[in-house]
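These numbers were taken from a predicted model, which means no experiment stands behind them.
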Amino acid sequence: MTRLTNKTALVTGGGSGIGLAVARAFLEHGACVAITGRQETRLRQAAESLQAGDRLFFYPADLAQLEQVKGLVNRIEQQWGSVDILINNAGLNVRERTVRELTPDNWRLLMRTNLDSAYYCIHAVLPGMLQRRDGLIINISSIAGKRASPLGGAGYAASKFGMSALGLCLAAEEKDSGIRVCNIYPGEVDTPILKHRPQPLTPEQRQKILQPEDVAAAVLFVATLPPRVSIPELIIKPTSQFYL
């Protein structure tokens with residue numbers, strides 16, 4: 001199947017978890033994919049596992065640094081000419097999640113990684129999309145960006161609420177420009193971010209929550225719809241998880 005042939009995608013946080021699963025799904029459907037993140041070794045291992053030849057490259061970058069984001073996007077444009085699809089997936093959480101425990105340094109870390117990086121990537125790719133009057137931006141937020149709770153923590157929820165607002169505002173502003181924006185809100189997913197949970201999940205619990213490929217399937221669904229179709233928000237959660 002080649003529903004994304006001639007499309008170029010930038011996947012942030014592409015070295016593991018949801019980002020890696022999205023990259024794999026997009027490559028299987030014909031896209032050219034650039035994956036990025038801060039850990040070069042992890043990106044290299046991911047690229048080796050994907051085995052996609054010249055339709056894939058990795059580019060280490062700290063997406064909280066605007067100049068590094070610009071360098072990344074310039075590299076993609078030199079290689080393939082455009083960024084047609086941006087997947088803002090990079091994110092993290094900290095173990096100390098209550099407001100009592102949350103330090104100013106960790107607050108800034110959460111905002112820069114989860115929110116600033118999404119804005120910087122949008123800022124870098126949007127001019128090209130506007131020029132072509134075509135583009136898709138998918139923000140991987142979190143149920144914590146719709147329903148704040150102590151599980152995710154105040155800082156994480158605030159950063160994800162911010163990402164959600166960013167996506168919704170952009171979609172409204174550019175609805176007549178051919179730019180589509182979708183916020184996806186996953187519930188609990190079995191990814192490396194779980195190692196920072198205050199209470200570790202058991203193997204049995206991990207089997208019941210979402211897997212990265214489940215979220216990737218939702219991303220692929222949004223990405224392969226015709227340009228006349230826009231999905232502003234999509235919530236995906238484990239069957240056993242509350243959503244109230």
Side-chain angles (χ1 to χ4, degrees), residues 9-26 33 35-37 46 63 85-95 97 110-111 113-115 117-118 121-122 136-168 170-171 180-202 204-225 230-244:
L10 167 56
V11 182
T12 73
S16 64
I18 294 171
L20 179 56
V22 169
R24 179 173 289 109
F26 276 34
V33 178
I35 58 174
T36 188
L63 302 179
I85 305 170
L86 167 64
I87 310 297
N88 272 322
N89 169 71
L92 57 75
N93 205 346
V94 296
R95 192 179 302 276
R97 301 184 180 187
L110 290 165
M111 294 302 159
T113 305
N114 298 347
L115 180 55
S117 67
C121 289
I122 290 170
L136 173 62
I137 296 168
I138 299 177
N139 297 316
I140 308 298
S141 182
S142 167
I143 279 184
K146 295 285 282 185
R147 301 284 190 270
S149 75
L151 178 62
Y156 183 77
S159 68
K160 292 299 187 177
F161 265 80
M163 174 189 260
S164 302
L166 174 63
L168 291 172
L170 178 62
R180 296 175 292 155
V181 185
C182 176
N183 291 337
I184 295 181
Y185 306 93
E188 291 183 287
V189 189
D190 188 3
T191 69
I193 200 173
L194 289 182
K195 69 182 181 181
H196 296 294
R197 284 279 288 266
Q199 298 296 326
L201 271 67
T202 66
E204 292 75 19
Q205 289 172 319
R206 283 177 177 263
Q207 291 178 358
K208 292 182 178 180
I209 62 178
L210 298 176
Q211 300 303 305
E213 55 267 27
D214 301 329
V215 182
V219 174
L220 183 66
F221 164 67
V222 173
T224 53
L225 290 169
S230 177
I231 298 179
E233 298 185 288
L234 191 157
I235 296 165
I236 175 172
K237 70 172 191 66
T239 302
S240 60
Q241 183 179 357
F242 284 110
Y243 182 77
L244 299 176

side-chain hydrogen bond (donor to acceptor under 3.5 Å, both in side chains) partners for [X], two or more places apart:
X: D214; result: none
X: T36; result: none
X: T191; result: none
X: N88; result: N139

May I have the step-by-step check of side-chain contact (heavy atoms from CB on, under 4.5 Å) for L166 and I122, ending in yes or no?
CA-CA 10 Å; L166 174 63; I122 290 170; 3.8 Å; yes
Output all residues satisfying side-chain contact (heavy atoms from CB on, under 4.5 Å) with [X], sequence neighbours left out; order by chain, then residue number.
X: T239; answer: none
X: S142; answer: A144, Y156, K160
X: A148; answer: A157, F161
X: Q205; answer: L201, T202

My understanding is that only residues two or more places apart in sequence, or in another chain, count here; which of them pass salt bridge (Lys or Arg N to Asp or Glu O under 4.0 Å) with R206?
D190
Partners meeting salt bridge (Lys or Arg N to Asp or Glu O under 4.0 Å) with K146 (sequence neighbours left out):
E233
Say you draw a straight line from OG1 of T113 to CG of L92; how long is it, rounded to the nearest 0.5 Å?
4.0 Å
What's the separation between atom CG in N114 and atom OG in S159, rounded to the nearest 0.5 Å?
3.5 Å
If only atom types and distance count, is the side chain of R97 paired as donor or acceptor with the main-chain N or O of L151 below 3.5 Å?
yes
